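Here's the structure we're looking at; comments come further down.
Just so we're clear, the structure is a prediction, and the values are computed from it rather than from any experiment.
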Amino acid sequence: MVSKKKILLIAIIVILVAIGAYFLSNYQQGKAAFAGEHNILLLCTDPSENRPGIGAVDMAFVVNLKDGHLGNITKVYPGGLTHPTKQPSDSMRAEGLSVVYLHDSLWSENLEEGTKTAQEIVEYHTGLKSDIVMVVTPDAIDALIKAVGPVYSNGEEVKTSSIDFLREDQSENGATRGDAVEGLADGIKEAAQKNGKKPELISTALDQFNKGNIQVVPKEKFSQFITYAGISNVLD
């Protein structure tokens with residue numbers, strides 16, 4: 001667990017994407033849906049691995065919500081985490097898989113099925129049940145960096161693709177994947193604030209959402225949350 005001050009900013013960015021479209025429409029529905037405590041499962045993917053779906057799950061986080069306000073997060077490292085009962089598909093078996101790992105939960109093109117599998121794996125291994133799943137690709141993060149840059153993570157400017165920067169941070173600086181992602185996310189937020197580019201951050205996130213580089217399941221629950229929580233809770 002980490003404190004609210006160190007909240008994962010990639011999750012914050014994703015939560016912002018639909019504010020402009022939904023803010024005036026479903027406030028009361030959102031208030032009813034997100035009263036109390038809820039969890040968002042954030043899946044960071046790597047599409048470079050050969051598979052039909054959106055990509056391999058490179059890192060996962062469970063983001064806690066309390067009455068619509070963002071709270072603590074839990075890092076979930078995919079390595080070794082398997083589904084307790086689900087059997088791999090024929091195409092997965094053809095690649096030598098005998099169990100369904102969190103890493104491979106988004107294997108198929110059926111995003112709803114894949115996110116459900118990921119939720120079940122995370123709940124089985126951590127006890128944390130999630131209400132929403134957000135899937136973010138490196139293309140989305142690269143676009144956000146470009147929109148608010150220059151972006152610095154742990155004192156170093158991000159000049160390469162986000163996934164290459166994360167790998168370099170791990171190999172050269174000894175950072176864990178979770179810490180590397182958090183450092184980059186903090187850098188994006190700080191750049192948006194320092195450079196006065198919050199509007200660019202939101203419009204770019206919305207564009208990436210529309211392009212499918214950020215995906216949310218279920219969409220209707222997501223819209224209810226952002227209408228209820230509002231922008232002040234996530235970028236202040």
Side-chain angles (χ1 to χ4, degrees), residues 8 10-11 13-15 17-18 33 38-63 73-144 161-164 166-167 177-178 180-181 185 205-226:
L8 180 69
I10 290 178
I13 291 163
V14 178
I15 292 167
V17 298
H38 302 270
N39 289 319
I40 294 175
L41 177 60
L42 174 68
L43 303 176
C44 303
T45 64
D46 179 0
S48 66
E49 294 191 30
N50 185 26
R51 61 193 62 221
I54 194 170
V57 177
D58 208 32
M59 188 66 201
F61 301 85
V62 178
V63 181
I73 65 167
T74 302
K75 299 174 188 176
V76 182
Y77 292 89
L81 300 188
T82 61
H83 197 284
T85 58
K86 190 178 181 68
Q87 297 298 307
S89 64
D90 290 341
S91 63
M92 293 171 75
R93 290 186 183 279
E95 296 296 325
L97 295 171
S98 59
V99 293
V100 179
Y101 290 98
L102 177 58
H103 180 77
D104 302 307
S105 56
L106 303 180
W107 185 281
S108 77
E109 294 179 343
N110 188 330
L111 185 66
E112 287 74 16
E113 179 184 356
T115 54
K116 183 174 184 293
T117 298
Q119 286 176 296
E120 291 171 349
I121 294 173
V122 170
E123 183 179 0
Y124 178 76
H125 288 279
T126 69
L128 296 172
K129 186 177 179 65
S130 53
D131 303 272
I132 300 175
V133 183
M134 299 182 180
V135 182
V136 184
T137 69
D139 284 347
I141 305 305
D142 290 344
L144 294 166
S161 69
S162 58
I163 199 161
D164 286 340
L166 292 172
R167 288 169 177 164
R177 176 49 64 100
V181 171
L206 178 57
D207 178 60
Q208 292 301 304
F209 182 76
N210 290 332
K211 289 179 177 177
N213 294 328
I214 297 171
Q215 298 199 44
V216 183
V217 179
K219 288 183 178 180
E220 65 275 9
K221 208 162 190 180
F222 173 73
S223 66
Q224 291 172 357
F225 168 67
I226 53 84

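- A heavy-atom distance below 4.5 Å is not found between the side chains of Arg51 and Glu95.
- Thr74 contributes atom OG1, which lies 12.0 Å from atom CG of Leu42 (distance to the nearest 0.5 angstrom).
- In this structure, CG on Leu144 lies 11.0 Å from CG on Asp139, to the nearest 0.5 angstrom.
- Between Glu112 and Lys116 there is no salt bridge, since no side-chain nitrogen of the basic residue lies less than 4.0 Å from a carboxylate oxygen of the acidic one.
- Across Gly212 and Ile54, no two heavy atoms sit closer than the pair O-CD1, 4.2 Å.
- Not a single donor-acceptor pair under 3.5 Å links the side chain of Glu123 to the backbone N or O of Glu120.
- In this structure, OG in Ser105 is found 10.0 Å from CG in Leu81, a value given to the nearest 0.5 Å.
- Applying the side-chain hydrogen bond (donor to acceptor under 3.5 Å, both in side chains) criterion to Ser130, with sequence neighbours excluded, gives Gln119.
- Panel note: side chain Asn213, backbone Gln208; no donor-acceptor pair is recorded below 3.5 Å.
- Using a distance-only test at 3.5 Å, with no hydrogens or angles considered, no donor-acceptor pair links the side chain of Thr45 to the main chain of Pro47.
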Can you give me every donor-acceptor pair (side chain of residues 96-103, partner residue at least two apart or in another chain, under 3.5 Å) with its distance?
unit_1, atom_1, unit_2, atom_2, d
His103, ND1, Val57, O, 3.1
His103, NE2, Glu49, OE1, 3.2
His103, NE2, Glu49, OE2, 3.1

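- A distance of 8.5 Å separates CG in Leu41 from OG1 in Thr126, rounded to the nearest 0.5 Å.
- Remark: Glu113 pairs with Lys86 by the side-chain hydrogen bond (donor to acceptor under 3.5 Å, both in side chains) rule, at least two apart or across chains.
- Counting only N and O atoms by type, the side chains of Ser48 and Asp46 include a donor and acceptor under 3.5 Å apart.
- Note that OH of Tyr124 is 9.0 Å distant from OG1 of Thr85, once rounded to the nearest 0.5 Å.
- Residues forming a salt bridge (Lys or Arg N to Asp or Glu O under 4.0 Å) with Asp142 (at least two apart in sequence, or on another chain): none.
- The side-chain heavy atoms of Val135 and Leu111, taken from C-beta on, include a pair separated by under 4.5 Å.
- Here the CG-NZ distance, from Asn39 to Lys129, works out to 10.5 Å after rounding to the nearest 0.5 Å.
- When side chains are defined from C-beta on, Gln87 does not count as touching Met92, because their heavy atoms never get closer than 4.5 Å.
- Among residues two or more places apart in sequence or in another chain, the side-chain hydrogen bond (donor to acceptor under 3.5 Å, both in side chains) test is passed with Asp207 by Lys211.
- With sequence neighbours excluded, the residues satisfying side-chain hydrogen bond (donor to acceptor under 3.5 Å, both in side chains) with Ser91 are Ser89, Trp107.
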